[in-house]
There are 2 protein chains.
Amino acid sequence: MTPPPFHHGNLRAVLLDAAERTLREGGVDDLSLRELARQAGVSHGAPRSHFIDRQALLDALAERGFLRLGDAVAEAGAAHPGDLVARVRAVATAYVGFAVRDAALMELMFSAKAAGAPPAVHAAAGRLFTSFGALFAADFRAGRFRSTDPERTQLLFVAALQGIAALIASERIAPGRGEDLVEEAVALFVVDGAPGDG
Amino acid sequence: MTPPPFHHGNLRAVLLDAAERTLREGGVDDLSLRELARQAGVSHGAPRSHFIDRQALLDALAERGFLRLGDAVAEAGAAHPGDLVARVRAVATAYVGFAVRDAALMELMFSAKAAGAPPAVHAAAGRLFTSFGALFAADFRAGRFRSTDPERTQLLFVAALQGIAALIASERIAPGRGEDLVEEAVALFVVDGAPGDG
DNA sequence: ACCTGAACACCGTTCAAGT
DNA sequence: ACCTGAACACCGTTCAAGT
């Protein structure tokens with residue numbers, strides 16, 4: 001008469017959701033397959049059916065993270081079609097904001113363990129980075145960025161955002177300072193996006 | 001007749017050196033107090049005398065990392081007293097190079113766990129960041145950077161370097177591309193350090 | 001195909017005891 | 001002051017067995 005396990009084929013999603021919550025409240029070190037199984041009300045061996053080992057769970061989390069971040073960036077990039085400065089600012093804010101809100105997930109996504117990651121993770125990450133290119137390609141052709149090499153500048157821009165997020169996540173600077181640095185980055189990268197030039 | 005333990009008061013240093021090696025060959029997850037004790041030829045409880053727990057070992061590693069990186073940056077910054085572009089390039093290369101060679105250590109230094117770190121770690125990190133300011137203070141006053149706010153620009157510059165290192169460490173870009181991005185950063189931040197401006 | 005539950009090796013941490 | 005060694009709780013992983 002005891003009810004059957006109430007997850008019918010969605011245990012994988014349940015585990016991932018619980019893992020994201022744990023990641024947000026604690027950190028990567030708090031992620032335990034056994035604890036997740038406990039929260040889901042299944043035996044400690046059950047996750048094995050969906051994740052071959054702990055790393056597979058981490059990879060799945062990273063993939064979902066890249067997909068979510070890619071969506072956030074694409075959405076921000078579509079918001080201000082006519083205003084380049086506002087668009088760059090929106091994308092930068094979305095990127096840094098995601099990294100701040102989900103610092104542990106972001107750390108997971110960009111950890112050294114991403115090396116040799118499964119194809120799905122690599123694909124999701126690639127989708128994010130190429131979307132940056134599509135957002136500003138026309139503006140690069142129009143010479144609205146302080147650069148001669150679009151690809152280099154795009155990477156450097158992403159690197160700057162990534163670095164701002166890292167400084168905030170490691171509490172080297174306060175979260176509020178992030179907006180200042182985003183503004184400084186916009187001023188630096190975009191021609192005429194700056195209050196001053198020297 | 002068995003020899004006494006051959007570490008007389010330097011077990012702490014022996015453990016830290018072994019930990020740095022493990023960090024370089026493997027990753028943070030490979031760091032085990034028991035394994036380090038084994039390598040040092042002491043009992044598994046011995047490290048307790050020098051590190052209250054695993055986190056204390058990690059903190060000590062982070063502190064040493066910040067000190068080494070601070071030295072490397074200061075040395076690079078003293079190399080080209082008369083040539084700003086060369087100096088900025090040297091500092092950037094030193095920073096990114098350190099992050100690439102000791103990727104796992106760098107990740108440890110900037111991990112979210114740096115939050116609430118002991119004063120020694122915070123002090124070592126602060127020493128690094130303030131040294132950046134001292135290196136370029138005069139050049140900022142001379143208006144040789146594309147900026148109106150020296151502190152913001154310094155932070156953004158560090159963020160860019162940090163981001164370049166992160167992209168390389170996570171294998172999002174090849175290590176060789178790091179030099180390109182450093183060059184692009186120099187061109188962008190330093191007035192007249194660029195091949196082109198639009 | 002998915003889940004259970006026992007088993008094994010490993011780890012961090014604590015602590016009384018030795019020198 | 002520093003190290004030993006037993007003890008405990010917890011974890012990842014494997015695997016035979018159930019449904």
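Values reported hereafter were calculated over all heavy atoms of this structure, with side chains retained and with hydrogens, waters and symmetry mates removed. Each chain gets a letter, A, B and so on, in the order the sequences are listed, and its residues count up from 1.
Judged by distance alone, with hydrogens and angles left aside, His50(B) brings no side-chain donor or acceptor close enough to the base of dA1(D) to form a pair under 3.5 Å. The base of dT4(D) lies outside donor-acceptor range of the side chain of Arg48(B), with no N or O pair under 3.5 Å.
Annotation: cation-pi geometry satisfied between Arg172(A) and Phe110(B) (NZ/CZ under 6.0 angstrom from ring centroid, within 45° of ring axis). Phe98(B) does not carry Arg68(B) over the face of its six-membered ring by the limits of under 6.0 Å from the centre and within 45° of the normal.
The CG atom of Asp30(A) sits 12 Å away from the P atom of dG12(D) (whole-angstrom rounding). What separates CZ of Phe51(B) from C1' of dC2(D) is a distance of 14 Å, to the nearest Å. In this entry the distance linking CG of Leu58(B) with C1' of dT13(C) reads 16 Å, nearest Å. Going from atom NE2 of His44(A) over to atom P of dC10(D) covers 14 Å, rounded to whole Å. Atom CG in Asp53(B) sits roughly 16 Å away from atom C1' in dA9(D) (whole-Å rounding). The separation between Leu33(B) atom CG and dG12(C) atom C1' is 7 Å, rounded to whole Å. Following rounding to the nearest Å, Asn10(B) (CG) and dC2(D) (P) show an atom-to-atom distance of 11 Å. We find that CZ of Arg34(A) is positioned 11 Å from C1' of dA9(D), with the value rounded to whole Å.
Partner assigned to dC2(C) is dG18(D), using Watson-Crick or G-U wobble distances below 3.5 angstrom. Pairing for dT13(C) goes to dA7(D), judged as Watson-Crick or G-U wobble with the two contacts each under 3.5 Å.
Distances shown here put every side-chain N or O of Ser49(B) at or beyond 4.0 Å from the OP1 or OP2 atom of dC2(D). Here Ser32(A) reaches the OP1 or OP2 of dG12(D): one of its side-chain N or O atoms lies under 4.0 Å away.
Between Asp71(A) and Arg127(A) a salt bridge is recorded (basic side-chain N to carboxylate O distance below 4.0 Å).
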Legend entry - Test log, rule salt bridge (charged side-chain N to carboxylate O under 4.0 Å, His left out), inputs Arg21(A) and Asp30(A): CA-CA 11 Å; Arg21(A) 210 177 320 125; Asp30(A) 292 355; over 6 Å; no
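Counting non-hydrogen atoms under 4.0 angstrom, Ser43(B) reaches a base of the nucleic acid. Residue contacts for Arg38(B): at a heavy-atom cut-off of 4.0 Å it reaches the sugar-phosphate backbone alone, with no base atom in range. Backbone-only contact: Arg54(A) has heavy atoms under 4.0 Å from sugar-phosphate atoms and none from a base.
Residue whose closest nucleotide on DNA chain D sits further toward the 5' end, between Glu35(A) and Ile52(A): Glu35(A).
Closest to the side chain of Leu11(A), from the set dC3(C), dA7(C), dC3(D), is dC3(C). For Ala46(A), whose side chain is taken as the heavy atoms from C-beta onward, the closest listed nucleotide among dT4(C), dC3(D), dT14(D) is dT4(C).
Leu15(B) and Ala40(B) get closest at one heavy-atom pair: CD2-CB, 4.1 Å.
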